[in-house]
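Residue numbers start at 1 and run along the sequence shown.
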Amino acid sequence: MAIAKYSKTCGKNVPGNSRLFFVEAGNISSITVTSNEISAVTMSDTTKFREFGADIDSIKFTIEGTGSASYSEVQKLEAKFSKKTTALITAKNSLLDAVACGVAIIRVDNNGSAWLSGYTFKDKNRRAYNKITTNFDTGAKPSDEGTAAYTITLEAEGFDDELAFDTTLNTAIVGGTATFIDYN
């Protein structure tokens with residue numbers, strides 16, 4: 001395989017992420033990729049990606065890859081959700097149940113681009129997010145920064161980087177009109 005060219009483009013880059021959507025990876029019936037971007041998503045039933053309203057500036061996505069004759073990478077998505085509520089506990093517990101079979105994630109970055117991870121084409125859904133870590137700390141006093149929030153981290157190990165959505169689907173996801181997403 002030949003090495004691809006890459007040309008740097010000049011433009012503003014805004015770190016961070018603004019929105020998250022989760023679904024059990026097995027509920028994705030098919031994904032169509034055209035020119036290395038997702039151009040269609042078909043769900044297997046009436047299940048849709050569900051939006052999780054994370055705290056502003058708390059969503060962090062990382063990839064750590066390593067390899068020689070073979071390559072793999074660990075993808076981690078971490079988000080914080082403030083103020084412990086019954087609804088938050090229910091949402092967290094639904095993720096705990098879903099991780100056993102694998103979770104796929106759509107994240108929208110602060111540059112307005114939507115990305116899908118936790119879905120692989122080589123071995124469908126076997127490389128979804130299948131590990132979850134949670135943490136909750138009440139803090140001791142009202143001035144304790146970053147406390148009274150659930151931190152949820154999902155982890156997947158695989159060999160496919162996340163995929164971008166084409167312009168049409170990206171616009172629908174960011175604009176709140178994608179039919180395969182249940183928005184807040």
Side-chain angles (χ1 to χ4, degrees), residues 3-43 47-66 71-82 91 95 98-99 102-122 124-125 127-132 151-184:
I3 295 176
K5 294 188 328 181
Y6 174 76
S7 298
K8 180 180 177 2
T9 57
C10 293
K12 186 176 181 180
N13 178 32
V14 182
N17 303 281
S18 60
R19 295 174 94 175
L20 283 177
F21 309 95
F22 301 111
V23 74
E24 299 88 348
N27 286 324
I28 300 172
S29 179
S30 68
I31 291 178
T32 304
V33 177
T34 307
S35 300
N36 294 321
E37 294 181 324
I38 298 170
S39 56
V41 175
T42 305
M43 304 304 284
T47 302
K48 297 180 178 188
F49 280 84
R50 306 285 181 159
E51 185 167 13
F52 269 56
D55 292 356
I56 190 166
D57 298 331
S58 77
I59 304 167
K60 180 178 168 182
F61 177 78
T62 60
I63 298 174
E64 294 179 20
T66 186
Y71 175 82
S72 69
E73 56 189 37
V74 174
Q75 298 175 353
K76 288 184 183 178
L77 184 117
E78 177 184 301
K80 289 186 179 183
F81 303 87
S82 286
L95 274 178
V99 161
V103 173
I105 297 172
I106 295 173
R107 72 175 177 90
V108 178
D109 68 23
N110 284 339
N111 293 302
S113 296
W115 299 87
L116 174 74
S117 61
Y119 184 91
T120 57
F121 296 95
K122 294 178 181 132
K124 184 181 175 187
N125 303 332
R127 298 295 175 185
Y129 288 87
N130 59 8
K131 181 179 179 184
I132 188 167
T151 301
I152 298 174
T153 305
L154 293 165
E155 187 175 317
E157 184 176 350
F159 31 72
D160 288 337
D161 204 333
E162 47 179 2
L163 279 173
F165 289 86
D166 69 8
T167 303
T168 302
L169 279 183
N170 194 80
T171 300
I173 292 166
V174 173
T177 60
T179 58
F180 53 90
I181 295 176
D182 184 4
Y183 293 92
N184 286 342

Check whether any side-chain heavy atom of Phe22 sits under 4.5 Å from a side-chain heavy atom of Leu77, and report yes or no. yes

Within-4.5 Å side-chain heavy-atom neighbours: Phe180 and Ile173: yes

Check whether more than 12 heavy atoms from other residues, nucleotides or ligands sit under 6.0 Å from atom CG of Asn184, and answer yes or no. yes

Side-chain touch Ile59/Leu20, heavy atoms, less than 4.5 angstrom: yes

Heavy-atom pair of closest approach, residues Val174 and Gly112: CG2-O, 3.6 Å

Taking side chain as C-beta onward, heavy atoms only, is Ile63 less than 4.5 Å from Gln75? yes

Interatomic spacing from CD in Glu162 to CD1 in Ile106 - rounded to 0.5 Å: 11.0 Å

Compare every heavy atom of Phe165 with every heavy atom of Trp115, then report the nearest pair and how far apart it is. C-CE1, 3.7 Å

Heavy atoms, side chains only, cut-off 4.5 Å: are Phe21 and Val108 in contact? yes

Rounded distance (nearest 0.5 Å) linking atom CD of Glu64 with atom NZ of Lys76: 6.0 Å

Is Asp109 reaching over with its side chain to a backbone N or O of Asn111, donor-acceptor style, under 3.5 angstrom? yes

Can you check whether Gly102's main-chain N or O pairs, donor with acceptor, with Asn130's side chain at less than 3.5 Å? no

Would you give the length of the straight line joining atom CZ of Arg50 to atom CD1 of Ile181, rounded to the nearest 0.5 angstrom? 11.5 Å

When every non-hydrogen atom of Asp166 is compared with those of Glu37, the smallest separation belongs to CA-OE1, 3.6 Å

Determine whether Leu116 and Phe49 satisfy the following criterion, side-chain contact (heavy atoms from CB on, under 4.5 Å), listing intermediate values before the conclusion. CA-CA 11 Å; Leu116 174 74; Phe49 280 84; 3.9 Å; yes

Reported CG-to-CD distance for the pair Asp161 and Glu73, which is rounded to 0.5 angstrom: 5.0 Å

Mind listing the closest non-hydrogen atom pair of Val23 and Lys48 along with its distance? CG2-O, 3.6 Å

Over all atoms of both residues, closest heavy-atom pair of Thr47 and Glu24: CG2-OE1, 3.9 Å

Lys80, NZ: over 12 other non-hydrogen atoms inside 6.0 angstrom: no

Would you indicate whether the side-chain heavy atoms of Ile105 and Phe61 approach each other to under 4.5 Å? no

Tell me yes or no: between the side chains of Asp55 and Ser82, is some donor less than 3.5 Å from an acceptor? yes

Smallest heavy-atom separation, Tyr183 atom then Thr177 atom, equals OH-N, 3.7 Å

Main chain of Ala114, side chain of Asn170: is a donor-acceptor contact present, judged purely on distance under 3.5 Å? yes

With distance as the sole criterion, is a donor-acceptor pair present between the side chains of Tyr129 and Ser117 under 3.5 Å? yes

